[in-house]
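To start, the structure under review is shown below, and the notes come after it.
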There are 2 protein chains.
Amino acid sequence: VVTRLGAVAAVLLASLVSGATAAAPDPVEEIREEALHATRALELVRSLTMEVGPRSAGSDGDRRAVAWGVERLAASGFDRVWTEPVTVPHWVRGQASAAIVAPFPQSLVVTALGGSAGTPEAGLEAEVVRFETVDDLEAAPADAVRGKIVFLDGRMERRRDGSGYAETVPNRGRGPAVGSEKGALAVVIRSVGTGTHRFPHTGGTRFAEGVRRIPAAALAIPDADILAHQLEMGKPVRLRLRLTSRFLADAESANVLAEIQGSERPGEIVLLACHLDSWDLGTGAIDDAAGCATVVEAARIAGRHRPRRTIRVLLAANEEHGLSGARAYAAAHEEEIAGHVLAFEADFGAGAVWAYGSAVNPAAKGFLAASQAALAPLGIEYAGNEARGGADLIPLRQASVPLADLAQDGTYYFDYHHTADDTFDKVDPEALAQNVAAHAVLAWIAAHTDDELRPAPPREDG
Amino acid sequence: VVTRLGAVAAVLLASLVSGATAAAPDPVEEIREEALHATRALELVRSLTMEVGPRSAGSDGDRRAVAWGVERLAASGFDRVWTEPVTVPHWVRGQASAAIVAPFPQSLVVTALGGSAGTPEAGLEAEVVRFETVDDLEAAPADAVRGKIVFLDGRMERRRDGSGYAETVPNRGRGPAVGSEKGALAVVIRSVGTGTHRFPHTGGTRFAEGVRRIPAAALAIPDADILAHQLEMGKPVRLRLRLTSRFLADAESANVLAEIQGSERPGEIVLLACHLDSWDLGTGAIDDAAGCATVVEAARIAGRHRPRRTIRVLLAANEEHGLSGARAYAAAHEEEIAGHVLAFEADFGAGAVWAYGSAVNPAAKGFLAASQAALAPLGIEYAGNEARGGADLIPLRQASVPLADLAQDGTYYFDYHHTADDTFDKVDPEALAQNVAAHAVLAWIAAHTDDELRPAPPREDG
């Protein structure tokens, strides 16, 4: 990963040095150059992952991360740094074990899905019934499922835009609830991820009100292969599963915010978001320390050039267990939402940005031209005016706030996503610097433009 | 890995098809072609890893592996299949946990080294003292070490020939014993491995008679990075370590053997070895299911062409915990050792063979020419008459049995070696087939040559 992204960034640097920046307004080139050569974002990722580490909502790490965020933002030259309280669910993973009991006994590498119930203390054991997708499970008669352990065996495809995730993640998000409604004792899935390293990929699963919460777990991909192989041999396969996951009482966490006030229009806000929480298995380097380091550094660098509008950073609480931080921000800033002229989030790893999408007033032609010209030397193509924003921006999208997407290369993101292997060494310094540069120039142009970016264009899906 | 090795194998296949085989004796080309196109070795690896799985000496998996070996060899057309008893140590890993307590609390991914003692039930906690190498530890005054946890932080270099391993593995093999002699409470090492995936690499550590056995563990490489980072910050770092490793009573295992009797000189033996045991963390695909599949298939294919000498396969018991199977073989076959004309072992993963070394009577010019000519079309260069043989051949080397090395590409071997990630998907089918071809032609030529391969050339190091 490092080598490939490094090579990409080197090419980008070379193309940047060779010119093509004529159309960019002052001081865009200076901002971009500074961001490409700074190392502070990398140091922020190192510090958050190695000195705080895992920071799942409600955990001790979560509290330490909030204190870390306040401290680091206070040292970054913002005009104002503050926190806002967020109540978060507090799910704890506990221990997980799984083993094929018959026909060929073997332990399997497994982890609970976020929101899973625990099994009985001694574990549970049942015959396995396999489906490719949650749709197949939904179509199956209940008596093929009742009393069994459902195995959802769909494989995620590797693609730069990460679109394989959306195709496969319903097995994780909906599979356990559908299994529960059909009387399954538990649901195990082939991890929603790429690559074949032996890490289970966790992630949230949802049980609607009234649906019984059952044990739900992900097998590492080589372990799903073993289970699939034994099933293919045609004899009944029995699995033993033990999870000690459970919910504790809701906990207090916080959104961490900072801003550089606009010199001319302080009530108009350009919002850069990331999420400060992580899953508990890794140290949350690419999900989402890299995103937080990117937006903090981008705002800091852009903010040194007297932006006309306010540039604000949101390090959101609890993205992973249900977007509590995003909802709390929207609620706390309801009066101010109409003042948000652009919002964008970095939450797709640490790969180089390759595409830029906007969702702004189509009449903002000066902004659209300037932002595209500023991003092009970084190797970023324009993808149209249909941006959707990150997960933490969903409440703002619903309030018609203009959005942008700086789409990162996701080719390898899902090798690490939601695993113990999401650690500092997976972040490529040059790709991270390119991210900072892209976010910084976009923030500055949005904070400086004469155009009116509001309202976002209407969208069919809301 | 798969892609790179696949590309290598494709090139080799292409070069093979284009000729360059004129010098090879009949039926070498036929043997090589059959091996390159067979898929049975891959199926053997799949079956051993997915239907038996981990098979550490003394475990249930070890017993199942012996039964599996007998059954599979019996179905492979050998003249004779048998087992020989081997008494093995029975060490059990138990649970492992480690956490930095101060200055920045964080759990670390850790596993015990083979032969480690357990900690007290509640674990132990102490300040960490770091050294790069066991030599540095050896040179340190005892009062810098006494009562502390020693951290050996040496990094292994990635190289095709795997020589970085020999440079770094003393930290694992000797480090804990040296720490014990200086009064350390425990020794943790940076895993001896390449890559940065978050798997600790286990492996044996040795305590000489009279040296107190202490807890000894390996940190995954990203976790060693975290510990090193916190140490670099200059404050005392305290680590908590808990291991429940222990030895059970010695257990009975077995060497599994099979042979095709020579048509003219049945008392002269060409021995192909591998080891059937594995570490307990992974499923032992590249260490050493691939080696066993290679030698079984190579012997089977070569044996179908009426070899003049006997071709024998040894699936050795307990390589990982101290070569009991190798010693038992040498002891049980003491009378026969003088009849061994050549021995070679496949135990370096599943990468394509790139070099061939011999250690045979230098007068065996016909054999040397024929074997080099037969291996060249597979992309294998000759490396001289100084082969050392695999670990299970040490007793035979000491008895001056002629040896060969078919050196496999080890560039990626140590990304997986001794980790949970050593699973079936890491085996490249084309590289495996190239291995079978190389082993098969060498076995047949050694079994057929008119030359006298004995004695091995004298060696300075014994």
Side-chain angles (χ1 to χ4, degrees), chain A residues 1-2 43 46-55 59-61 63-65 68 95 97 99-100 102-109 195-200 220-233 235 280-285 415-416 419-427, chain B residues 1-2 43 46-55 59-61 63-65 68 95 97 99-100 102-109 195-200 220-233 235 280-285 415-416 419-427:
Chain A
V1 176
V2 170
E43 293 313 313
R46 192 196 310 270
S47 173
L48 181 54
T49 57
M50 294 197 177
E51 296 156 28
V52 176
R55 45 198 183 278
S59 68
D60 285 348
R63 279 184 283 281
R64 289 199 303 269
W68 177 94
Q95 300 168 329
S97 60
I100 298 174
F104 299 107
Q106 184 161 164
S107 292
L108 301 179
V109 174
T196 64
H197 293 294
R198 205 176 182 191
F199 299 105
I221 286 167
D223 300 84
D225 290 345
I226 292 169
L227 183 54
H229 172 75
Q230 292 202 19
L231 285 162
E232 273 168 22
M233 296 175 80
K235 292 182 192 160
D280 52 326
L281 296 171
T283 62
D415 287 15
Y416 307 111
T419 73
D421 206 22
D422 178 4
T423 52
F424 176 70
D425 50 284
K426 309 311 183 303
V427 175
Chain B
V1 176
V2 171
E43 293 312 314
R46 191 196 309 269
S47 172
L48 181 55
T49 57
M50 295 198 176
E51 296 156 28
V52 176
R55 47 198 181 277
S59 68
D60 285 346
R63 278 184 284 281
R64 289 199 303 268
W68 177 92
Q95 299 168 330
S97 60
I100 299 174
F104 299 106
Q106 184 162 163
S107 292
L108 301 179
V109 174
T196 64
H197 293 294
R198 206 176 182 191
F199 299 105
I221 287 167
D223 299 85
D225 289 344
I226 292 169
L227 182 54
H229 172 75
Q230 293 203 19
L231 285 161
E232 274 167 23
M233 296 176 80
K235 293 182 191 159
D280 52 326
L281 295 170
T283 62
D415 288 14
Y416 307 110
T419 73
D421 206 22
D422 177 4
T423 51
F424 176 70
D425 49 286
K426 309 311 182 302
V427 175

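Letters go in sequence order (proteins before strands), and every chain restarts at 1. Atoms considered below: every heavy atom in the structure, side chains included; atoms not considered: hydrogens, waters and symmetry mates.
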Checking A:Thr283 against B:Ile226 for the side-chain contact (heavy atoms from CB on, under 4.5 Å) test, could you report, in this order, the C-alpha distance in whole Å, the side-chain angles of both residues, the deciding distance, and whether it holds?
CA-CA 10 Å; A:Thr283 62; B:Ile226 292 169; 4.1 Å; yes

Only one of B:Gln106, B:His229, B:Gln230 forms a side-chain hydrogen bond (donor to acceptor under 3.5 Å, both in side chains) with A:Glu51, so which one is it?
B:His229

What is the minimum heavy-atom distance between B:Pro222 and A:Lys426, and which atoms define it?
CG-NZ, 4.2 Å

Shortest non-hydrogen pair, A:Arg198 vs B:Thr423, comes out as CD-CG2, 3.8 Å

Would you give the length of the straight line joining atom CD of A:Gln95 to atom CD of B:Gln95, rounded to the nearest 0.5 angstrom?
7.0 Å

Which atoms of B:Thr196 are under 4.5 Å from chain A, going by heavy atoms: the side chain, the backbone, both sets, or neither?
both

With a 4.5 angstrom heavy-atom cut-off, could you sort out which part of B:Leu281 is near chain A: side chain, backbone, both or neither?
backbone

With a 4.5 angstrom heavy-atom cut-off, could you sort out which part of A:Val109 is near chain B: side chain, backbone, both or neither?
neither

Looking only at A:Ser107, A:Pro54, A:Gly53, A:Pro105, the option with the highest number of non-hydrogen pairs under 4.5 Å against chain B is A:Pro105

Measure the shortest side-chain to side-chain distance between B:His197 and A:Phe199 over non-hydrogen atoms and say whether it is less than 4.5 angstrom.
yes

